[in-house]
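Below is one structure, written out as structure tokens; the observations come after it.
We name chains A, B, ... by the order of the sequence lines, and we start the count at 1 in each one. Because only heavy atoms are used, hydrogens play no part in the values below, and waters and symmetry mates are left out as well, while side chains stay in. Quick caveat, the model's predicted, so the values are computed rather than measured.
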Amino acid sequence: MEAAFKVLPLAFPKGKEQFCEICQREANLQCTKCRVTFYCDSEHQQADWVGIHERICQMLVPIRTPSLKQSRRKEKQLMKVKAELIEICRNTAQSKLSQGKHFEALPAAQFCLRCCIDVHGPNTIQLVPAYLLLAETNMGLGNLALVADLLSQAEWAILKSPECDRSLRQRLHRSLGRLHTATGNLEAALFHFANDIYYASEEFGVDSTVVCYGYFLMADAFIKQGKMAIVHSLYTEVAFTWHRHLTKLLETHLQSIRNPAMLDSSFDYSQPSEVDEMFRVILEFEQKSSRRGSSLIAHVAHCLSMLWFVRGDPLKVFGFGTTALKASQLTPEHDLAEPIQGLLQLVQDPQAHPRSGPS
Amino acid sequence: MNAAEARGPQEVVLPKIKTDSGNQRSPQYRFRSSSKQFVCVELLQDGNHKTFSELFSLLCLDKDQRNSLHPDTSTLRAPLLEEQLEKMETIKLHLSRAEQAERTGSWTAVCEQRLLLGLHFSAPEDVWLALYFFHSCADRKHGGGSRAATEARACLADIYLRRGDLEQARQQGELCLRQAEDGGWLDSSGVSLKLRACLVLGKTYGWLADAQLAASDCDKALKLLHKGHSMSKECDNKLIEAEVVFRFGLTHQSSGDQETAKQFFNTCIEIYNSLQNRDEIVKVLKAMAKSFEKEGNIEETVQCLEKSADICRSSGLPSKLADICLCLGNIYYKTSQYVKAYKCFLQGYEVACEAGDVALLQKAQVMVGCSCALPLIRTYSSDMESASSATVKRLVAWKESRGHQDLITDPAE
């Protein structure tokens with residue numbers, strides 16, 4: 001647990017007020033470890049400590065301690081520390097976001113942006129990733145007005161630099177699409193998701209999982225418009241594409257179990273909660289809908305089953321596998337039954353089962 | 001986008017999100033993005049994601065094809081598909097209709113739209129698109145047996161036949177025929193699809209038989225020709241029938257059955273007579289003469305060739321006439337009637353000059369020379385074979401006395 005001093009105004013140069021790290025209001029507390037970070041109350045200090053401060057506390061000391069001698073070497077060193085800080089904050093925020101901990105991600109995302117502005121200056125293209133990260137965090141917390149502000153800053157920066165790369169544009173459009181979906185401006189949301197998918201197709205290929213997630217988000221807007229036929233079509237596309245990817249992944253995974261030297265880490269685990277959530281939503285939608293597309297249900301359940309196999313949770317593999325098997329028997333062509341049964345057998349066979357999946 | 005642009009960078013006013021709704025399809029956006037992006041985004045906004053991914057893949061394919069070509073040739077070719085907004089718009093229109101039909105499960109409408117696209121891309125540089133859309137129409141799991149899919153197969157068979165891909169043409173033609181027989185459909189311009197299938201198959205079988213004949217596999221050739229004949233009867237097309245009958249004749253000729261071959265040639269001449277096609281009659285008569293020649297019936301051979309020469313003269317076919325003259329000359333030449341041969345070759349040479357056919361002209365020149373030279377040598381040919389001193393003396397005497405005079409007096413000049 002972190003400790004705090006009370007801020008004594010007389011301990012600082014005259015006229016230099018200290019502000020809270022989290023809310024920028026007048027500060028009353030000071031971190032005892034680095035002595036360069038201030039808070040308005042213990043609640044904010046606690047939030048910052050859990051969010052990011054614990055990791056970067058000591059790194060802040062050289063940056064925030066004013067020095068009389070401004071040598072070039074020292075400046076270079078400081079820049080290096082700042083770049084390192086940005087990297088740490090970004091990674092921390094991202095990993096907390098992918099675990100769904102939006103509130104804990106906030107301090108890291110905020111500090112990341114602040115540090116970026118410090119290094120690159122205001123309104124530069126380098127700020128865009130930081131803006132997007134902070135916007136995403138605030139989206140999770142429901143601060144839509146703030147999100148809108150952050151995204152227009154990002155948009156302006158991108159508009160000013162036409163040579164900016166496609167993946168950045170893609171991420172901006174995705175965030176804008178989500179914002180507009182949340183505010184109920186569905187036409188605008190569809191426009192941004194369309195651009196998101198277009199850029200993602202250019203960058204990652206038309207059958208990539210990035211494009212798939214774009215389709216999934218787009219389907220949400222179509223649900224709100226009541227266009228269920230389109231939603232079904234989009235979900236089918238998502239499920240079938242993921243099914244292909246996961247089938248391939250499972251194959252290489254099984255090979256690497258037999259031959260551990262081949263262990264590959266090509267699969268992106270960075271957003272597991274997002275993927276789970278996506279499959280869960282699709283499954284629910286399809287089970288509730290009147291048409292009950294058993295082929296789609298079978299594919300999604302099989303996807304989940306394969307995903308949990310790779311992650312190493314036999315119980316979930318078994319649960320989703322049985323759902324998939326049941327659904328696949330309702331489809332006219334039972335082409336899925338065989339791979340599903342193969343998977344279920346693998347779970348019962350302790351030799352083939354991975355010793356430990358990634359946590 | 002618009003909100004941020006209007007405000008400028010420094011203000012920190014919240015953008016009014018609601019006000020720019022519906023503005024997204026503005027011309028402003030159209031100019032700011034490439035036409036490819038414009039078309040793709042519109043497709044996605046309407047939820048036609050399958051059309052999007054199909055179009056996107058087609059555009060990529062087009063680019064890859066272009067990049068794999070030699071850089072010099074690519075500059076001469078038509079612009080990339082992604083630079084041709086009109087074509088992309090057409091694909092977008094019909095494929096979106098197809099996708100909407102697919103969502104409601106009306107498979108025939110899907111095929112109709114794809115067929116329309118295939119028919120639209122009829123220009124030679126768009127053949128790859130036509131092939132793609134016809135295939136995507138004909139090879140569908142749902143609706144593959146519909147009228148549109150059958151017409152697509154007929155079009156595919158036509159394209160493959162034109163490209164000389166006979167096996168593919170045959171496969172598509174046979175499938176088309178089977179489907180058309182069940183359906184009894186007409187194509188978009190009102191022609192019976194069955195008729196179209198028979199027509200293309202008749203031609204294809206004929207060409208395939210040619211290939212077998214070239215590989216001297218007469219049995220396979222005959223089998224193909226029988227199929228071709230029934231096709232030509234089916235579509236009641238005399239021209240194709242005559243071609244098939246002619247090929248029958250050729251096949252029998254090469255298998256050594258001259259009697260049957262001549263019968264076929266006669267039938268063929270009858271058909272061409274009814275069609276008033278003199279051009280082809282000359283061709284058949286020439287083939288018939290060959291059969292007579294193989295039998296050793298020189299008289300009939302000459303008669304045949306004379307007849308075809310007459311037809312050529314009366315209907316003004318100089319290059320054919322030259323060819324026939326050379327054939328006739330060859331017959332005389334082979335039977336050692338050098339004077340007659342010389343006359344024929346000379347005539348052939350003159351006609352070829354008139355027709356301006358250089359290849360034939362050169363051939364005729366050589367043959368005229370040969371037919372002049374051979375009779376000269378012939379007087380002494382027995383002397384050359386025997387090796388007595390008397391004959392050698394005679395030959396030397398001839399060589400001395402002949403001088404250069406004989407060589408220069410070329411009868412052709």
- Message: Is A/Phe193 close to chain B through its backbone or its side chain, or both, or neither, when contacts mean heavy atoms under 4.5 Å?
- Response: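 Neither part; nothing is under 4.5 Å.
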Heavy atoms from other residues, nucleotides or ligands near [atom1] of [X] exceed 12 (cutoff 6.0 Å):
| X | atom1 | value |
| --- | --- | --- |
| A/Lys248 | NZ | no |
| A/Glu338 | CD | no |
| A/Arg166 | CZ | yes |
| A/Arg25 | CZ | no |

Please name the pair of heavy atoms, one in [X] and one in [Y], separated by the smallest distance, quoted to 0.1 Å.
| X | Y | value |
| --- | --- | --- |
| A/Ala194 | B/Leu44 | O-CD1, 3.3 Å |
| A/Tyr198 | B/Cys40 | CD1-CB, 3.6 Å |
| B/Gln45 | A/Phe191 | NE2-CB, 3.6 Å |
| A/Glu202 | B/Phe56 | N-CZ, 3.7 Å |

- Query: Any donor and acceptor pair, going by atom type alone, linking the side chain of B/His49 with main-chain N or O of A/Ile230 inside 3.5 Å?
  - Reply: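 It does not hold such a pair.
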- Part of B/Ser57 lying under 4.5 Å from any heavy atom of chain A: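 Just its side chain gets close to chain A.
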